[in-house]
Amino acid sequence: MSAAWNHNIHYHGRMLRAVPANCGLALDVGCGYGLLARKLVSRCAGVVGIDRDAACIASARAAAAGDSRIEFVEGDVLTHRFGDRCFDFVVAVATLHHLPLRAALVRFAELLRPGGVLAVTGLYRPETMTDFANACVAWPVSRVLRSVKRYEEMGAPVQLPRESLREIRSACGSVLPGAEVRRLLLFRYSLVWNKPAAG
Ligand SMILES: C[S@@+](CC[C@H](N)C(=O)[O-])C[C@H]1O[C@@H](n2cnc3c(N)ncnc32)[C@H](O)[C@@H]1O
């Protein structure tokens, strides 16, 4: 059977390629049903998935049952106490727009060890002609992909994005200097940031 597909899964490969070499512990923020967390174990020594939705965490735990490399936590990423753990890789797919933008970026940066990598696939609020022109191309592409792939509803809680791509770039510019923010075709953007190594 072909792999499940939706707009978020479409960009999992991009997130996985951002995992640093010799990755120890990864954090999947807003892990939903845990599909990306399960993929991450092939590239990281351990994975923590956190989601504040109890049903998501119950399903994620059931799907990964028996894999001691993955831990799923029901909690709020902004306030959850991870103890003295910090992460080599923090990833958030379709989750950042659920959070207060700047506070979340600061929190993600704090959770990373020096030299670690943050990778985000995010949604933005369309506001410019370029955004709407992009959507005009993205819709038919999305419909075709949906018809030829095994489309799977995400299931996890959803929310409309508040911030535009311009506002997201601006926040990244001040909170995460050097971050790379790229528009992606299917109504999303990617953000990759390398936390400077302690020096
Ligand atoms: C749109 S879903 C994306 C789920 C998954 N990453 C995916 O791509 O299928 C956003 C997820 O973020 C979770 N979420 C929202 N705010 C959160 C918070 N403060 N802490 C942890 N998870 C949160 C929601 O419960 C939801 O499961």
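For reference, positions follow the sequence shown, starting with 1. Just so you know, ligand 1 is whichever comes first in the structure, and atom 1 is the first atom listed for that ligand.
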Considering only protein heavy atoms, which is closest to [atom], and at what distance to one decimal place?
{"atom": "atom 26 (C) of ligand 1", "answer": "Asp51 OD2, 3.5 Å"}
{"atom": "atom 22 (N) of ligand 1", "answer": "Arg52 N, 3.3 Å"}
{"atom": "atom 19 (N) of ligand 1", "answer": "Asp76 OD1, 2.9 Å"}
{"atom": "atom 9 (O) of ligand 1", "answer": "Met154 CG, 3.2 Å"}
{"atom": "atom 4 (C) of ligand 1", "answer": "Gly30 O, 3.3 Å"}

- Message: Over 60° means perpendicular and under 30° means parallel, so tell me whether Trp5 and His10 are parallel, tilted or perpendicular.
- Response: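 If you compare the ring of Trp5 with that of His10, the planes turn out perpendicular.
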Worksheet item: Does even one non-hydrogen atom of Thr95 get within less than 4.0 Å of ligand 1?
Response: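 For ligand 1, residue contact (heavy atoms, under 4.0 Å) with Thr95 is present.
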Go through ligand 1 atom by atom and flag the ones less than 4.0 Å from a non-hydrogen atom of Gly75.
->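 Those qualifying, in numeric order: 20 (N), 21 (C).
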- prompt: Below 3.5 angstrom, do we get any N/O pair linking Val77 and ligand 1?
  reply: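 By distance alone, the answer is yes.
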ask   = Taking N or O atoms only and a 3.5 Å limit, does Val158 qualify as a polar contact for ligand 1?
value =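 Between Val158 and ligand 1 (N or O atoms, distance only) the closest approach is not under 3.5 Å.
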| said: Check this for me, if you would: do Arg125 and Glu167 make a salt bridge, where the nitrogen-to-carboxylate-oxygen distance has to be below 4.0 angstrom? | reply: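 Answer for the salt bridge query: yes.
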Query raised in the report: What residues, two or more places apart in sequence or in another chain, satisfy side chain to side chain contact (heavy atoms under 4.5 Å, CB included) together with Ala104?
Result: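 Listed in chain order: Leu78, Leu96, Leu99, Phe108.
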